[in-house]
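Let me begin by presenting the structure, written as structure tokens, before commenting on it.
The structure presented is a predicted model; accordingly, all values stated were derived computationally and were not measured.
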Amino acid sequence: MIHFCCGTAERVEDPGKELPRTLSRKYLGEDPPAEPDEVVRLVVRITPRKVTGFSGGK
């Protein structure tokens, strides 16, 4: 099944770099490697307005 999504996407800064830390701890059980302070992390937040599905068959 293929899903299509209509909505908005917003780029927000992650100044404390919490997302990579959270994901690394969840999936690897450890903190990610340190990054320089000048590296800016952006997170794309998607807010769906409508989601539809498509299931093709023969």
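Counting Ile, Leu, Val, Met, Phe, Trp and Tyr side chains that sit under 4.5 Å apart, directly or through other members, Ile46 shares a hydrophobic cluster with Val44.
Counting all heavy atoms, side chain and backbone alike, Pro32 lies closest to Ser24 at N-OG, 3.5 Å.
Grouping the Ile, Leu, Val, Met, Phe, Trp and Tyr side chains by contacts below 4.5 angstrom, directly or via other members, places Leu42 apart from Leu23.
Among residues two or more places apart in sequence or in another chain, the side chain to side chain donor-acceptor pair (under 3.5 Å) test is passed with Asp31 by Arg25.
Applying the salt bridge (Lys or Arg N to Asp or Glu O under 4.0 Å) rule to pairs touching residues 3-17 yields Lys17-Glu35, sequence neighbours excluded.
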